[in-house]
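Below is one structure, written out as structure tokens; the observations come after it.
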Amino acid sequence: MFEQEKSLLENQLLKFCQERSLAADKLEWRSIPFSGEWGIAAPLFPLAAADPARQLPVPLHAQALAEALRDSIQLPAGFSRMEAVRGYLNLYYETSAYARKVIGSVLASGNEYGRQQPAGKPVMVEYSNPNTHKPLHVGHLRNVILGGSTCNILEASGKRVIRANYLGDIGLHVIKWLCNYEKYHAGEKPGQDKTRWMGDLFAEADRRFASQEGFEAEVRAYFARWDARDPHILALWKETREWSLDGFRQVYDLLGEHFDRIYFESEVEEPGKAMVDQLIKSGLAEDGRPDLPVVVNLDQIVGTKEEYRVVIILRSDGTSLYATKDIPLAVLKFNEFGLEESIYVVDVRQTLHIQQFRKILALMGYPWANKIHHLAYEIVNLPGNVTMSSREGTVVLLDDLIREATRRALDVVREKNPELEPTRMHEIAEAVALGAIKYPMLSRENTKMVTFDWESALDFNGQSAPYIQYAHVRANSILRKVGGLPDGEPDYGKLTHASEVNLVECISRLPEEIQRAAKELKPNLLANYAYELAKSFNDFYNQCPVLGAEPDVRAARLALVAAARLCLGNTLRLLGIRAPEVM
RNA sequence: GCCCUUGUAGCUCAAUGGACAGAGCACCAGCCUUCUAAGCUGUUGGUUGCAGGUUCGAAUCCUGUCAAGGGCGCCA
């Protein structure tokens, strides 16, 4: 926020260091712990530790340096005072200048506040990756939410982003579904809720496959016809796949997700087999057929021990596997878009597989192989460490969760805003419900498991999306009452209350929070920031009346509220959470 | 056997190597004639699994150890 002033300051610091032959590169800025005013601090310990002239223990020498600096430096514009405390040189912002800078910049950029213009070669993020003909459950949700929000954040940080979705549209699960459908549900069409209907039929097919006498054999026979490209089955496959896609689109619409490129497993299967031939010819792969599969013995080739293991890239019967398809898919992605980077949002259990095919690509000579990044996340469990599995029936269906959450949110909306139109009520309830569901999946670190339980998923209080949305609503409510901000720049010197100063600082952080979250691929940083921001706002809201304040104070506070509202809204949108105006 | 992840308040989680480790939930006590109480205030709660090491400084980095979860030749 004070780049110019800061660099003037740094020049002075550098000069000071040169005079005493101190290691100036050890200087860094951090913020002062909040005590009513904000500022920047330089810890002088590293300099002290490296100072050849040091006689005292490091902390004492650091304090001496801080004091010497305090006495020799000229306070730059924008700062109110300087102090040397416990080995730190602290510089406090002149609060009105700081507030003017922050609030002015937010109000000028509006919805763009915190964002950079996308530029450069594109980054692809592959996420969601559902299987067609299967139900969507809460376990799938974390992937979609994490991926979607990561895309938003990367985009805001100045990257061009391509959202990719890789659909599992072939394989045994599909054949099971088709076989069961043709035998027991021929001619039936899905109703309104397509994903659910598809999922129910999948569960039925899976049950039959596991327990019904003779069904497995029928499925195998069906699979053979599929392999032989039986036109009837191909047509049925295409039609039913479309139902699944329609269902997915419904869910994505609801969640606010969209994709720029859809890849199908079916589209990379043949290229994958061709690539296996190529790998055999080049000597990288060993062909053990007909008794053994085609493998790449990575440890042997690379010279590692039990690190990359052995990758099976084709079954002994010649049918394809996951790895068969991921190799050509990666090539396709880079060829198609000239990617800067290719990010895979895939759960942590597949870490080794990703390392393996990345290594194979490197051995094949693709220079971009090291541009493949795995955004690994832990799975969503049920209490008692129960893994969600449609096979085991241990799932919470997405549909059920959203429905129940919306119902509960609607109760609250109806009670609080009885005058609203029913459709508007529903809209708000949905925004709150989806936010409440998404937030816990975003606010945890990627590497931490999420345990789903209904009670906390439906809790709209405390550290949650509704809390943040509510802060946005409150800000909006104040602004709605005044119609618009008064003309002219307010006197920001009126913002002296600790909660005001704190809120200003919190708002100022959004751009750097976005950059960091993008760099580290951690939406949870932004989720935590959103909560802090909302908390700062509520703190301010409770301590500083706006509308009833005297005119000068009121004008300054209104500008602050407007900036807070924008900042909250922008942050929520980056998380893929709607920011309602009323709730 | 090899490898990865996690271990912080009763529970769920925060904390760019930096100032006294913070929130939420739960519990208890308060606050709605005042901009929406999905809110706020206060109380209680800690040997950051354990032991070493590096560092001026460690929840954070390194080594060891214990515990939980996961991965490792024809699932995706």
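These numbers come from a predicted model, not from an experiment. Lettering of chains follows the sequences in order, A, B, ..., and the numbering in each one begins at 1.
Looking at heavy-atom distances under 4.0 Å, A/V294 makes no contact with the nucleic acid at all. Across all strands shown, A/N90 has heavy atoms under 4.0 Å from base atoms, whether or not it also approaches the sugar-phosphate. Here A/V546 lies in heavy-atom contact (under 4.0 Å) with a base. Within the 4.0 angstrom heavy-atom criterion, base atoms lie near A/A41. Note on A/I379: nothing from the nucleic acid sits closer than 4.0 angstrom, heavy atoms only. If you check every strand for non-hydrogen atoms under 4.0 Å, A/E445 touches sugar and phosphate atoms only. A/V582 comes within 4.0 angstrom of a base, heavy atoms only. Note on A/T447: only backbone sugar-phosphate atoms sit closer than 4.0 angstrom, heavy atoms only; bases stay farther off. Note on A/D291: a base of the nucleic acid sits closer than 4.0 angstrom, heavy atoms only. Among the atoms of the strands shown, none is found under 4.0 Å from any heavy atom of A/N129. Backbone-only contact: A/K535 has heavy atoms under 4.0 Å from sugar-phosphate atoms and none from a base. Among the atoms of the strands shown, none is found under 4.0 Å from any heavy atom of A/V346.
Between A/H173 and A/H133, the ring-plane angle classifies as perpendicular under the 30° and 60° cut-offs.
The side-chain tip of A/R241 points at the ring of A/F264 from less than 6.0 angstrom away and within 45° of straight on.
Side-chain atoms of A/N528 lie closest to B/A14 of the nucleotides B/A14, B/G18, B/A76. Side-chain atoms of A/P46 lie closest to B/C56 of the nucleotides B/C74, B/A19, B/C56. Minimum atom distance to the side chain of A/V310 is reached by B/G73, of the listed B/A76, B/G73, B/C72. Considering only the side chain of A/P33, B/C20 comes nearest among B/A15, B/C75, B/C20.
Place A/N542 and A/M583 on RNA chain B by their nearest nucleotides, and A/M583 ends up nearer the 5' end. Remark on RNA chain B: of its neighbouring residues A/A534 and A/D317, the 5'-side contact belongs to A/A534, judged by nearest-heavy-atom nucleotide.
No donor-acceptor contact under 3.5 Å links the side chain of A/S477 to the base of B/C35. Evaluation of atom-type donor-acceptor distances gives a pair under 3.5 Å for the side chain of A/R309 against the base of B/C72. A/H173 contributes no side-chain N or O that forms a donor-acceptor pair with the base of B/A76 under 3.5 Å.
B/C72 is paired with B/G1 under the criterion used here, namely a Watson-Crick or G-U wobble arrangement in which both key atom distances are under 3.5 Å. B/A67: Watson-Crick or G-U partner is B/U6, with both key distances under 3.5 Å. Nucleotide B/G52: paired with B/C62 (Watson-Crick or G-U wobble, both distances less than 3.5 Å).
Contact check, A/R315 against B/A76: a side-chain N or O comes under 4.0 Å of OP1 or OP2.
In this structure, A/F45 counts as stacked on the base of B/G18 under the 5.5 Å centre distance and 30° plane angle limits. Aromatic stacking of A/Y88 on B/G18: not satisfied for centres closer than 5.5 Å together with planes under 30 degrees.
With its glycosidic angle within 90° of 0, B/C32 adopts the syn conformation. In this structure, B/G73 is classed as syn because its glycosidic torsion stays within 90° of zero.
In this structure, A/Y541 atom OH and B/U41 atom P are separated by 14 Å, rounded to whole Å. Distance OH (A/Y308) to P (B/C4): 12 Å, rounded to an integer number of Å.
Between A/F357 and A/Y344, the ring center distance clears the sub-6.0 Å criterion.
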Test salt bridge (charged side-chain N to carboxylate O under 4.0 Å, His left out) applied to A/R516 and A/E512, step by step
CA-CA 6 Å; A/R516 209 182 131 210; A/E512 61 199 73; over 6 Å; no
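Interatomic distance, CG of A/L65 versus CZ of A/R20, reported as 6.5 Å (0.5 Å rounding).
At a threshold of 4.5 Å between non-hydrogen side-chain atoms, the residues A/D169 and A/V174 do not count as touching. No side-chain heavy atom of A/L298 sits less than 4.5 Å from a side-chain heavy atom of A/R309.
Across B/C32 and B/U48, the matching C1' atoms stand 40 Å from one another, rounded to whole Å.
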